[in-house]
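One structure is given below, encoded as structure tokens.
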Number of protein chains: 2
Amino acid sequence: MASPTEENYLKTLFTKADKNGEIAITELSQYLKVSAPTANSMIKNLSQQGLVNYEKYKLLSLTARGKKEAAFIIRKHRLTEMYLVEKMGFGWEMVHEIAEQIEHIDSPRFFDRMDELLGYPKVDPHGSPIPDKNGKITAKTLVKLSDCKVGDTVTLSALANSSEEFLKYLNSKQLQLELKLRVEAIEPFDQNMKIKYLRNRVEILSQMACNKLLVEKQL
Amino acid sequence: MASPTEENYLKTLFTKADKNGEIAITELSQYLKVSAPTANSMIKNLSQQGLVNYEKYKLLSLTARGKKEAAFIIRKHRLTEMYLVEKMGFGWEMVHEIAEQIEHIDSPRFFDRMDELLGYPKVDPHGSPIPDKNGKITAKTLVKLSDCKVGDTVTLSALANSSEEFLKYLNSKQLQLELKLRVEAIEPFDQNMKIKYLRNRVEILSQMACNKLLVEKQL
DNA sequence: ATAATAAGTTAGATTGATCTAAATTATAAT
DNA sequence: ATTATAATTTAGATCAATCTAACTTATTAT
């Protein structure tokens, strides 16, 4: 239905909106690398189609339909990245560029098959949730453990890397998914983190490891 | 470099040209499902870019550069079809539509990786040759099954037609590329062929079908 | 050989996505 | 409160890809 250009607008609206789901048109235009008037006229078009809430001089937001459309595009993008890494052996640095193009392929079967081959992942290795085939997002947005502060209590929810060595490393420290962790201290020099879990177990984790551990923050 | 539209023109010029590498502009426009004037103006553009030989009222042909460009696009298309069938489990009938879109992805690494994962195939699921990463086609001399004699043992290597019905027909008889076939008998009246394959499977194939099956003769 | 038909070309319009320049409205600063 | 600045919108142009209508050239049939 939507052109690749329209899809890019919806995707950016979705991912770059603030906590209220809103974004200014100029900021949007910068993300999309087009001029403000260009974004303005495209937004009018999307508003016409019932995908974007638009009133002159006000902030933009997606309608319910717009959000659903956006979720489908994000699904296609994230599944593609996941597939390129897991099934084709690309590094995470390389996949974005390719996924930016493949996300515009119009073929539900193609993406559903990727999903199946990947085992229906709910989160990509960046910790971003992958919408399911109905456009529903079940996972929360995860953050890297390395981005947490001292005192944060979090739940280990996903891994940004699942190489055998890394899994062994985690095993040796009894680190498992769904485990609650507390950041006790961070070494300023190298960002090593002192983590407490399982009643009273304490470990020092390297910055490299913390970068690959995706966690959900406690309230 | 080339837009998806330009790529489609080059690909069609390459695949639909006659034995002399020529095609009429109207015929081209029909394959591309655009009006003749549309094709005319695009051909002028491609001629300007040095990709197509064009003189008013004459037949069209690709220049050397145009052929090379076309070969790259065909490479992308056929590798994609191959990948979809071999690595993602799609049926032959389904892959064309998806490959029509993926062939326009601009990422040599992506296609080279597919090529590698597939083991550098020289022929796609429909049996058409796949140009290598330099645009070179390792040509094969195939003969029609209908031109074979009783007692010939051959390998099914390509299809001269890949309509959905034909692919379904072949599927229903478990006829796949790379299968070894033996011509058991030929009916003098209608040239129907009795073919043995897969240990002891025997089928009678119509002259029409045998005409579309391209095979490599055993030495 | 000439007329009829088919193929190819030109002219001019349209649509989607983009731009720059200029005008308007909102926000921030003194 | 007024002014300066920033954000947004309007106006009008451009470019690629497409169309239809009309015209020209080539081919075919009588």
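When the shell of 6.0 Å around CD of A:E116 is examined, it contains more than 12 heavy atoms from other residues, nucleotides or ligands. Environment of NZ in A:K68: sparse, with no more than 12 heavy atoms of neighbouring residues, nucleotides or ligands closer than 6.0 Å. No more than 12 heavy atoms of other residues, nucleotides or ligands sit less than 6.0 Å from atom CD of B:E97.
A donor-acceptor pair shorter than 3.5 Å can be found between the side chains of A:N45 and A:E6. No side-chain donor-acceptor contact under 3.5 Å links A:N53 and A:T63. For the residue pair A:E187/A:Q207, the side-chain donor-acceptor check at 3.5 Å is not satisfied. Side-chain contact of A:T38 with A:S35: a donor-acceptor pair under 3.5 Å is present, judged by distance alone.
For the OP1/OP2 pair of D:dT8 and a distance below 4.0 Å, the side-chain nitrogens and oxygens of A:T26 include at least one atom meeting the criterion. Between D:dT24 and B:K56, no contact under 4.0 Å exists linking OP1 or OP2 to a side-chain N or O. For B:Y9, a side-chain nitrogen or oxygen approaches OP1 or OP2 of D:dT18 to under 4.0 Å. Between B:Y57 and C:dT10 there is no side-chain N or O to OP1 or OP2 distance below 4.0 Å. At least one side-chain nitrogen or oxygen of B:S3 sits closer than 4.0 Å to the OP1 or OP2 atom of D:dA17.
Rounded to whole Å, the distance from CD on A:E7 to P on C:dA17 is 11 Å. Atom pair B:E22:CD and C:dA7:P shows a separation of 17 Å (rounding to whole Å applied). Rounded to whole Å, atom C1' of D:dA26 lies 15 Å from atom CD of B:E55. Regarding A:L60, its CG atom lies at a distance of 8 Å from the P atom of D:dT9, rounded to whole Å. The distance between atom NE2 of B:H104 and atom P of D:dA16, rounded to the nearest whole Å, is 18 Å. When the P atom of C:dT27 is taken as reference, atom CG of A:L59 falls 9 Å away, rounded to whole Å. The CD-C1' distance, from A:E6 to C:dT15, rounds to 12 Å in whole Å. Between A:L10 atom CG and C:dA17 atom C1' there is a gap of 15 Å when expressed in whole angstrom units.
Of all the residues in residues 29-50 of chain B, B:A36, B:P37, B:N40, B:K44 reach under 4.0 Å from DNA chain C with at least one non-hydrogen atom.
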